[in-house]
Amino acid sequence: MDQEKNTRYLYRAISGISEDFSGRLLEVPVGTGVLTMPVYKTLHNADITCLDYSIDMMEKAQHRAKGLELNNVKFMHGDVRKLPFTDENFDLVLSLNGFHAFPDKESTYSETFRVLKFGGIFCGCFYIQSENRRTDWFID
């Protein structure tokens with residue numbers, strides 16, 4: 001994907017996040033944060049929690065956040081199937097290209113929506129099997 005298509009893709013994927021968002025946001029998984037850390041730089045009043053099972057990837061995201069001087073972003077190691085949060089804790093849950101990697105999708109969806117407030121926003125994108133041969137190889 002070239003830079004223009006990548007930028008268009010990202011903006012479509014995060015279109016559910018308003019420019020003045022000031023609530024609690026959960027990103028699962030954060031991965032390396034390459035797509036989201038620059039966006040978080042613009043969300044000055046948001047309380048952002050980034051969770052990932054991969055410590056390696058999360059450390060890369062933490063490094064990015066530190067480089068961008070993000071003070072409103074915290075990181076947690078964890079399993080999305082057992083989120084360490086109370087019910088209806090987040091105003092927005094964001095997941096960019098992560099759900100394909102979760103082996104137990106039912107638990108993942110259930111936990112994600114458990115921590116999302118009633119009327120909250122789920123924002124993200126998914127790879128869908130048989131939609132694109134280039135991405136089918138990494139969909140469980």
| field | H63 NE2: over 12 foreign heavy atoms closer than 6.0 Å | value | no
| message | Nearest 0.5 angstrom please: I48 CD1 to L25 CG, how far? | response | 5.5 Å
| task | Flag yes if more than 12 heavy atoms outside K66 fall under 6.0 Å of its NZ atom; otherwise flag no. | result | no
| said: Can a donor-acceptor pair be found, under 3.5 Å and without considering hydrogens, that links the side chain of E111 to the backbone of V80? | reply: no
| field | Non-hydrogen atoms of L43 and E19 that approach each other most closely | value | CD2-O, 4.0 Å
| query | Say you draw a straight line from CZ of R81 to CD of E106; how long is it, rounded to the nearest 0.5 Å? | reply | 13.0 Å
| Which distance, rounded to the nearest 0.5 Å, do you find between the CG of L116 and the CZ of F90? | 10.0 Å
| field | F75 CZ to M58 CE distance, which is reported to the nearest 0.5 Å | value | 8.0 Å
| field | Contacts of type side-chain contact (heavy atoms from CB on, under 4.5 Å), residue S110, not counting sequence neighbours | value | none
| field | Validation row: F85, L51 side chains within 4.5 angstrom (heavy atoms) | value | yes
| From OG1 (T112) to CG (L26), nearest 0.5 Å | 7.5 Å
| request: Hey, can you tell me if F122 and F113 have their rings parallel, tilted or perpendicular (30° and 60° cut-offs)? | output: tilted
| field | side-chain contact (heavy atoms from CB on, under 4.5 Å) partners of N45, counting only residues at least two apart | value | S22
| message | Between N89 (side chain only) and V115 (backbone N and O only), is there a donor and an acceptor less than 3.5 Å apart? | response | no
| query | For the hydrophobic clusters of this structure (ILVMFWY residues joined by side-chain heavy atoms under 4.5 Å, transitively), does one cluster hold both M76 and M57? | reply | no
| request: Using a strict cut-off of less than 4.0 Å between a Lys/Arg side-chain nitrogen and an Asp/Glu carboxylate oxygen, indicate whether R24 and D91 qualify as a salt bridge. | output: no
Per-pair distances, 0.1 Å, donor-acceptor, side chain in residues 27-35, under 3.5 Å, sequence neighbours excluded:
from, atom 1, to, atom 2, distance (Å)
E27, OE1, T36, OG1, 2.9
E27, OE1, Y40, OH, 2.7
E27, OE2, T36, OG1, 3.3

